[in-house]
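Note sheet for the following structure.
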Amino acid sequence: MGQPRRRISSRSWAVPPSEAPSQRGEEILTIRAGGAVEAWIPPSHPRRESLLVRERLVEGFREGFVAMQGLIAHGRGECFDYLIGEQTTPPALEAERAAAAALLLAERPVISVNGNAAALAPRELVELAKTVGAKLEVNLFYRSRERELLIAEILRRNGAAEVLGVGDDASCTIPELFSERRRVSCRGIYAADVVLVPLEDGDRTEALRRMGKTVIAVDLNPLSRTSRAATITIVDNITRALPNMAKFAEELKGRPRDELSALAGGFDNDRNLREVLRYIGMRLEELAGRGITLELPKA
Ligand code: ATP
Ligand code: MG
């Protein structure tokens, strides 16, 4: 297990080996599984990164720790990533800095990890947890013992010393939620003052807020209930947000508490989300004015 292998299935990349870019003398990335070359993605492919990220989720699904619904959620995220231009926006950067400050100030910070987060940024989750002194907890919408164990194993292989929320450890309950969705660790999310929830569901975000917790969400959809209910919403891809937060946390670590409080406490989520919407609006306006069709060679 460990960091999900970058194994690309033949279904995800339509160019058969005979027509692969190597034939055109181009350098290629080959990803081997079981000794057979399953796919070819040229470094020059414009959607290469996105395809590789997508494949990490598909692989996680095959291995049993990404839920089928997680694949759908990823597609929704990709859609919003297109709208922001697949890069960190100024308001997201501001939210990432405020979130790093809030995590450093916290007495009992916890980073909640689901299947998609484990597939997309396992090392980054562990690094951020270490930098800010947070606990890592497996927290699943579709909970099963198998998925819990697989995700905990991935985090351990990426350097986590302790992973909460597995088996009997998840014996406390979040009020107002039903069935397996309500189970959390009594030493983790239940007792936390600040919880980072990458790619969380709206009901659970609202329930955590009602318990009086500071909730930091990473969610590409600025209109989701999670985004609108969290204390600090980072509208950015988890693959960019976590490294940015870790960098800010390193920078802010030695700073006086007053300064951190000003950063975290001065953050206004409503204003930030409105800035994100304005950013998207302006970007679409600009694209609409300039034209967006691709230049293709004439046949
Ligand atoms: P909500 O329950 O908050 O109203 P939802 O039901 O539409 O939202 P969920 O499936 O509960 O969505 O949560 C997943 C969220 O994660 C979605 O808003 C989606 O846009 C977002 N998301 C998916 N992939 C990523 C990613 N790689 N980085 C950041 N956000 C992502
Ligand atoms: Mg939801």
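Just follow the structure's listing: the first ligand is 1, and inside any ligand the first atom is 1.
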(Q) Minimum distance, heavy atoms only, to atom 16 (O) of ligand 1: which one of Leu199, Leu220, Leu120 is it? (A)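 It is Leu199 whose heavy atom sits nearest to atom 16 (O) of ligand 1.
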Q) Just going by heavy-atom distances, which of Ala217, Ala241, Gly77, Pro222 is nearest to atom 22 (N) of ligand 1? A)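 Closest candidate by heavy-atom distance is Gly77.
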Q: Indicate, as side chain, backbone, both or neither, the part of Glu200 found under 4.0 angstrom from ligand 1 when only non-hydrogen atoms are considered.
A: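 Answer for Glu200: backbone.
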Q | Check against side-chain contact (heavy atoms from CB on, under 4.5 Å), Asn114 and Asn139 | A | CA-CA 6 Å; Asn114 63 17; Asn139 186 227; over 6 Å; no
Hey, which atoms in ligand 1 end up nearer than 4.0 Å to a heavy atom of [X]?
X: Asp236; result: 28 (N), 29 (C)
X: Asp201; result: 2 (O), 11 (O)
X: Asn221; result: 18 (O), 20 (O)

Q: Please name the pair of heavy atoms, one in Pro91 and one in Asn272, separated by the smallest distance, quoted to 0.1 Å.
A: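 Scanning both residues, the minimum pair turns out to be O-ND2, 3.0 Å.
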Q: Indicate if the distance from the Mg ion (ligand 2) to the nearest N, O or S atom of Asp201 falls below 2.8 Å.
A: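 Checking Asp201: at least one N, O or S atom is under 2.8 Å.
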Q | Neighbour count above 12 (heavy atom, 6.0 Å) for Tyr190 OH | A |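 Atom OH in Tyr190 is not crowded, with 12 or fewer foreign heavy atoms closer than 6.0 Å.
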**Q.** Exceeds 12 heavy-atom contacts within 6.0 angstrom, atom CZ of Arg228
**A.**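 Count not over threshold, so no.
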Considering non-hydrogen atoms of the protein only, which is the closest contact for [atom], and what is the distance?
atom: atom 15 (C) of ligand 1; value: Asp219 OD2, 3.7 Å
atom: atom 27 (N) of ligand 1; value: Asn237 OD1, 3.0 Å
atom: atom 23 (C) of ligand 1; value: Ala73 O, 3.1 Å
atom: atom 8 (O) of ligand 1; value: Ser224 CB, 3.7 Å
atom: atom 6 (O) of ligand 1; value: Arg76 NH2, 4.0 Å
atom: atom 1 (P) of ligand 1; value: Gly202 N, 3.5 Å
atom: atom 28 (N) of ligand 1; value: Ile238 N, 3.0 Å
atom: atom 4 (O) of ligand 1; value: Arg225 N, 3.1 Å

Q) Do the charged groups of Asp193 and Lys213 touch, with an N to O distance under 4.0 Å? A)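 Looking at Lys213 together with Asp193, the answer is no, because their closest N to O distance does not fall below 4.0 Å.
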Q.
Is any side-chain heavy atom of Thr233 closer than 4.5 Å to one of Thr226?
A.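 Of all side-chain heavy-atom pairs linking Thr233 with Thr226, none is under 4.5 Å.
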(Q) Within the 4.5 Å heavy-atom criterion, are Val53 and His74 side-chain neighbours or not? (A)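 Yes. Closest side-chain heavy atoms under 4.5 Å.
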Q | Separation of Glu153 CD from Glu148 CD (nearest 0.5 Å) | A |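 Separation between the atoms: 14.0 Å.
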**Q.** Arg147 (side chain) donor-acceptor with Phe65 (main chain) under 3.5 angstrom
**A.**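 Confirmed, Arg147 side chain pairs with Phe65 backbone.
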Q) Just checking, is any N or O donor in the side chain of Arg47 or Ser50 under 3.5 Å from an acceptor N or O on the other one? A)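 Distance-only check passes for Arg47 and Ser50.
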